[in-house]
Amino acid sequence: TTGAVSISTMAASSSQSSLPARGYEDELAFLKQETPYRWRIDLGFVPQMRVPGHVYVNEALQPLLWSELRQFAGSSSTSGFLPALKQIANVAALPGIVGHSIGLPDAHSGYGFAIGNVAAFDMDDPDAVVSPGGVGFDINCGVRLLRTNLTEAAVADRREALAQSLFDHIPVGVGSQGVIPSSSDSLQRALELGMDWSVREGYAWAEDKEHCEESGRMLTASPASVSARAKKRGLPQLGTLGAGNHYAEIQVVDRIFDKRAAAQMGLDFEGQVCVLLHSGSRGLGHQVATDALLQMERAMGRDDIRVNDRQLACARIGSAEGKQYLQAMAAAANYAWVNRSSMTFLCRQAFARTFGATPDDLEMGVVYDVSHNIAKVEQHLVDGKPKRLLVHRKGSTRAFPPHHPLIPLDYQFTGQPVLIGGTMGTCSYVLTGTEKGMADTWGSTCHGAGRAKSRAGSRRQLDYTEVLEALQQKGISIRVASPKLVMEESPESYKDVTEVVDTCHAAGISSKCVKLRPIAVIKG
């Protein structure tokens with residue numbers, strides 16, 4: 001939107017001027033390897049750091065992050081580009097941060113915060129801030145996994161028909177409009193009630209809620225804090241996939257690493273057919289973020305809040321602007337859960353029509369639904385004492401361990417399921433949360449592969465017909481609304497998701513459970 005662009009432009013001039021000019025070797029002096037999978041960013045890497053940074057990366061992924069830094073150190077440009085390592089460090093300079101600013105293996109440069117950045121702020125510190133850049137524009141972008149009792153062999157001769165049915169049922173593409181009837185009043189209720197609205201209106205099963213982060217509803221949501229423009233953008237988009245990196249994939253269980261945990265999720269055998277849905281809050285969430293950034297620019301001047309990069313616009317958590325954003329963000333998160341629930345309803349219809357059986361007969365239950373763009377108040381141990389923290393997860397997934405009170409009863413002995421979507425045509429993973437992750441990363445892990453090339457770079461270097469042909473050669477059915485956007489989402493545009501997942505597993509912040517591979521891809 002125009003607001004987001006203007007803020008980005010303003011930030012460009014300040015983001016580099018606030019950093020001391022250093023050569024690449026001088027920059028490296030601030031990076032210390034602590035383990036084979038974790039580096040520390042020392043104080044002084046950027047001005048005013050309050051805590052160190054931690055970056056999880058293995059030998060295979062490290063060159064990409066470090067090359068960004070090399071490019072930045074050797075550049076005289078004032079374009080405003082900041083490498084992910086600098087962004088992670090800039091977050092470490094925000095008021096009220098505790099512990100470390102954390103970068104995960106899929107980290108890459110984003111707006112303000114890096115994508116793949118986790119940071120926690122002390123709710124008891126009056127100066128602690130909330131920053132929309134730590135959530136992102138697609139609030140509660142997330143992933144939902146559905147299981148079925150179908151085998152790969154059973155769908156082999158209907159794969160194309162099933163892909164077409166999903167494409168016909170779920171609206172996709174830029175500006176796509178939903179088929180779920182919605183009025184202004186029902187939108188208000190959806191923003192307030194989240195998945196409770198979906199269950200009430202018959203678009204979700206009651207048990208779906210039990211397998212969803214926050215039970216599919218943030219109780220702090222206030223539709224009154226969402227602008228009329230945001231509501232106007234969101235009204236026609238319920239039950240839509242959108243474009244960009246969003247997708248619906250038909251997948252099969254390719255490998256089971258943890259049979260006990262997988263069985264608890266209903267993932268019982270290799271070749272079992274599943275569906276992975278990846279979408280968020282569409283135009284409504286984007287507008288909520290844009291509105292908040294403009295308000296927080298003013299609040300920063302009033303409260304004399306200084307940051308290294310103006311893309312890190314923020315407000316004190318207890319301020320009027322901070323409270324309004326958190327209420328609006330929660331409403332947008334509820335919208336995203338309703339959106340994924342609506343697509344689940346449409347997905348179940350598509351399978352039922354294709355196989356002539358009810359979704360119940362096909363056992364199309366929700367394994368789990370996770371968010372990877374959100375800020376939530378949680379209790380964590382800080383220096384051995386429990387504290388209430390506002391945890392920002394941007395391009396990061398919550399990964400709570402066994403016995404945590406906020407995960408479903410079904411998963412109390414296995415840990416929370418963590419859904420890691422791969423890139424178009426590559427594998428995805430189901431992980432579980434660990435105690436080490438709870439201690440080291442505020443119960444957080446990666447969210448996907450993470451971009452390796454910019455969208456513009458992908459368009460320049462790749463040909464969409466070659467990308468589509470490569471998918472077909474792998475035996476993957478493909479349906480896309482905008483074929484030329486496929487270049488931006490090709491596997492070559494992203495890091496290797498297996499390297500990302502293996503890094504998190506080796507570091508102990510999450511544990512591998514199941515590997516999935518796609519047999520059909522639906523994209524905008």
Side-chain angles (χ1 to χ4, degrees), residues 41 49-56 87-104 107 112-114 116-136 139-140 142 213-214 218-221 292 296 305 307 312 314-319 321-330 333 370-401 403-407 415-416 418 433-447 509-510:
I41 304 175
M49 287 177 68
R50 300 163 191 264
V51 297
H54 270 167
V55 179
Y56 289 83
Q87 291 187 317
I88 292 164
N90 280 338
V91 169
L94 290 176
I97 190 170
V98 297
H100 302 83
S101 175
I102 299 162
L104 294 161
F113 280 59
N117 200 169
V118 180
F121 297 82
D122 186 353
M123 293 290 293
D124 295 327
D125 183 343
D127 293 327
V129 298
V130 56
S131 175
V135 172
I139 295 166
N140 191 7
E213 192 171 328
E214 299 293 317
M218 291 189 76
L219 298 175
T220 53
M296 289 184 182
I305 300 172
V307 296
L312 290 171
C314 56
R316 291 173 180 158
I317 296 171
S319 69
E321 293 83 2
K323 290 176 180 177
Q324 181 175 352
Y325 170 69
L326 288 172
Q327 291 168 350
M329 183 214 69
V370 295
S371 166
H372 49 232
N373 275 1
I374 206 159
K376 292 195 290 188
V377 178
E378 298 169 358
Q379 188 172 81
H380 291 270
L381 291 178
V382 179
D383 298 326
K385 298 178 182 178
K387 289 193 79 71
R388 289 172 67 246
L389 305 178
L390 181 64
V391 182
H392 294 61
R393 294 188 181 94
K394 179 182 182 180
S396 166
T397 312
R398 194 187 75 175
F400 281 175
H403 312 299
H404 194 284
L406 293 182
I407 63 176
Q416 176 206 311
V418 181
T434 65
E435 288 289 355
K436 185 168 177 58
M438 198 69 183
D440 291 355
T441 59
W442 310 124
S444 311
T445 192
C446 61
H447 85 301
I509 59 175
S510 51

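Scope of the values below: all heavy atoms of this structure, side chains included, with no hydrogens, waters or symmetry mates.
Taking all atoms of both residues into account, the shortest heavy-atom contact from Leu104 to Cys446 is CD1-N, 4.0 Å. Scanning all heavy atoms of the two residues, the minimum distance from Gly322 to Ala315 falls at N-CB, 4.0 Å. Scanning both residues, Met218 and Ala333, for their nearest heavy atoms gives SD-CB, 3.9 Å. Considering all non-hydrogen atoms of both residues, Val377 and Arg388 come closest at CG1-NH2, 3.9 Å. Residues Pro52 and Ala92 come closest through the heavy atom pair O-CB, 4.3 Å.
With a 4.5 Å cut-off on side-chain heavy atoms, Glu213 and Arg398 count as touching. Inter-residue side-chain proximity for His404 and Met438 is flagged as met; some heavy-atom pair is nearer than 4.5 Å. Residues Gln324 and Met329 form no side-chain contact, since every pair of their non-hydrogen atoms from C-beta on lies 4.5 Å or further apart. Side chains of Thr441 and His100 form no contact here, defined as non-hydrogen atoms less than 4.5 Å apart. Using a 4.5 Å cut-off on side-chain heavy atoms (C-beta onward), Arg50 and Pro95 make contact. Inter-residue side-chain proximity for Pro386 and His380 is flagged as unmet; no heavy-atom pair is nearer than 4.5 Å. Contact annotation: the side chain of Val130 approaches that of Leu326 to within less than 4.5 Å [non-hydrogen atoms, C-beta and beyond].
With values rounded to the nearest 0.5 angstrom, Leu390 atom CG is found 12.0 Å from Asp125 atom CG. Of the inter-residue distances, the one linking Ile305 atom CD1 with Leu312 atom CG reads 12.0 Å to the nearest 0.5 angstrom. How far CG of Asn117 is from CD1 of Ile102: 8.5 Å, rounded to the nearest 0.5 Å. To the nearest 0.5 angstrom, Thr434 atom OG1 is 7.5 Å from Ile509 atom CD1. Within the model, atoms CG of Asn140 and NZ of Lys376 stand 8.5 Å from one another, a figure rounded to the nearest 0.5 Å. One distance of note links OG of Ser101 with CE of Met49; it measures 7.5 Å at 0.5 Å rounding.
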(request) Test Val55 against Ile88 for side chain to side chain contact (heavy atoms under 4.5 Å, CB included), laying out the working first. (result) CA-CA 8 Å; Val55 179; Ile88 292 164; 4.2 Å; yes

(request) Test Val91 against Ile97 for side chain to side chain contact (heavy atoms under 4.5 Å, CB included), laying out the working first. (result) CA-CA 8 Å; Val91 169; Ile97 190 170; 4.1 Å; yes

(request) Dump the intermediate steps for side chain to side chain contact (heavy atoms under 4.5 Å, CB included) on Val135 and Tyr325, then the final yes or no. (result) CA-CA 11 Å; Val135 172; Tyr325 170 69; 3.4 Å; yes

(request) Begin from the C-alpha positions of Val118 and Val391 and carry the test side chain to side chain contact (heavy atoms under 4.5 Å, CB included) through to its verdict. (result) CA-CA 7 Å; Val118 180; Val391 182; 4.1 Å; yes

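Under 4.0 Å is where a charged nitrogen must lie from a carboxylate oxygen, and between Glu378 and Lys387 no such pair does. Glu321 and Arg316 are not joined by a salt bridge, as no carboxylate oxygen comes within less than 4.0 angstrom of a charged side-chain nitrogen.
Checked by atom type and distance alone, the side chain of Thr397 never pairs as donor or acceptor with a backbone atom of Val418 at under 3.5 Å. Judged by distance alone, the side chain of Gln416 and the main-chain N or O of Ile407 form no donor-acceptor pair under 3.5 Å. For the pair Ser396 (side chain) and Thr445 (backbone), a donor-acceptor distance under 3.5 Å is present. Side-chain atoms of Asn373 do not come within 3.5 Å of backbone N or O of Lys394 as any donor-acceptor pair. In this structure, the side chain of Ser444 engages the main chain of Trp442 through a donor-acceptor pair within 3.5 Å.
Under a cut-off of 6.0 angstrom, the local environment of CG in Asp124 is crowded, with over 12 non-hydrogen atoms contributed by other residues, nucleotides or ligands.
Between His392 and Phe121, the two ring planes are perpendicular [angle over 60°; tilted spans 30° to 60°].
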